Amino acid sequence: MITVIINALKGKVLVTDLERGSRVVGGIIIPDDNGKSAGIRPRWGRVFSVGEDVVDVKKDQWILIENGRWTRMLKVTDETGTETQVWGVEWPKAVMLVSDEDPEGVIFSEWT
C-alpha cells in the first residue's frame, strides 16, 4: 500500500464533514437541496488542509462555504487506513465565516 500525503494547493482549502442532506432546525425538517436550484444554502465544512499561502484559517476549524463553491468529492485514505471524503474550496472567495467550534445546530438568523 502506498501512503500519499494530501495537502491543499496554493489558494485552496480542503474540507471534510461537508454538511449534506436534510437538517432539522427548531423541530422543522429542512429537506436536502443538493442538485436543486430552489432552496440553495451555504454549507459548513471542517478544514482538513490549507494551502501554503492561506492565512486566517487552520486545520480543524469550521468554515461556512457559499453554495456550490466547492469541488467534487474526493475519497482519500490516510496512513491508518481510514477513508475520508474531502472537497476543495477557493480561499477566501468562497468562504463566508470561520468558526473554532462545530456549528451543528447553530442558527445565525431566524424569521421573526
Side-chain angles (χ1 to χ4, degrees):
M1 178 192 226
I2 299 173
T3 301
V4 177
I5 298 172
I6 303 295
N7 290 318
L9 297 173
K10 186 175 182 178
K12 306 288 185 198
V13 174
L14 293 177
V15 298
T16 61
D17 302 326
L18 188 67
E19 179 186 3
R20 299 178 316 199
S22 61
R23 61 186 177 141
V24 178
V25 176
I28 299 172
I29 299 173
I30 300 174
D32 181 11
D33 63 359
N34 287 335
K36 300 175 185 139
S37 61
I40 55 176
R41 62 181 171 82
R43 308 291 172 99
W44 285 100
R46 186 171 52 90
V47 177
F48 177 79
S49 175
V50 296
E52 65 184 51
D53 62 335
V54 174
V55 295
D56 301 326
V57 68
K58 59 185 182 251
K59 185 177 176 165
D60 292 326
Q61 285 185 312
W62 291 84
I63 58 175
L64 185 62
I65 309 159
E66 288 183 25
N67 184 69
R69 299 289 304 265
W70 50 83
T71 64
R72 292 185 181 267
M73 181 265 299
L74 173 68
K75 290 182 181 179
V76 297
T77 305
D78 66 15
E79 58 278 352
T80 65
T82 304
E83 187 174 85
T84 304
Q85 297 176 347
V86 296
W87 292 263
V89 177
E90 191 175 5
W91 176 266
K93 292 180 182 178
V95 179
M96 301 168 68
L97 295 170
V98 178
S99 174
D100 289 328
E101 299 177 23
D102 184 349
E104 185 171 327
V106 174
I107 301 173
F108 288 98
S109 64
E110 295 182 23
W111 294 97
T112 56

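Only heavy atoms go into these numbers, but all of them, side chains included; no hydrogens, no water, no symmetry mates. Residue indices begin at 1 and follow the sequence shown. Given the structure is predicted, the values throughout are model-derived calculations rather than measurements.
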Which heavy-atom pair separates [X] from [Y] by the least distance, and what is that distance?
X: Val13; Y: Trp91; answer: CG2-CB, 3.8 Å
X: Thr71; Y: Gly88; answer: OG1-N, 2.7 Å
X: Trp70; Y: Arg43; answer: CH2-CG, 3.3 Å

With a 4.5 Å heavy-atom cut-off, do [X] and [Y] have their side chains touching?
X: Leu97; Y: Trp44; value: yes
X: Lys59; Y: Val50; value: no
X: Asp56; Y: Val98; value: no

Result of checking Leu18, Leu14, Asp60, Val15 against Arg46 for side chain to side chain contact (heavy atoms under 4.5 Å, CB included):
Asp60
Please say yes or no: joined through hydrophobic side-chain contacts below 4.5 Å, possibly via intermediate residues, are Met73 and Ile63 part of one cluster?
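Yes, because Met73 and Ile63 connect within a single hydrophobic cluster, where side-chain heavy atoms sit under 4.5 Å apart.
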Side chain Ser99, main chain Trp62, donor-acceptor under 3.5 Å
no
Flag, side chain of Asp53 to backbone of Gly11, donor-acceptor distance under 3.5 Å
yes
OG1 on Thr84 to NZ on Lys75, rounded to 0.5 Å:
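It is 11.0 Å, given to the nearest 0.5 Å.
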Which value, rounded to the nearest 0.5 Å, describes the distance between Ile65 atom CD1 and Trp87 atom CH2?
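The CH2 atom of Trp87 is 9.5 Å from CD1 of Ile65, to the nearest 0.5 Å.
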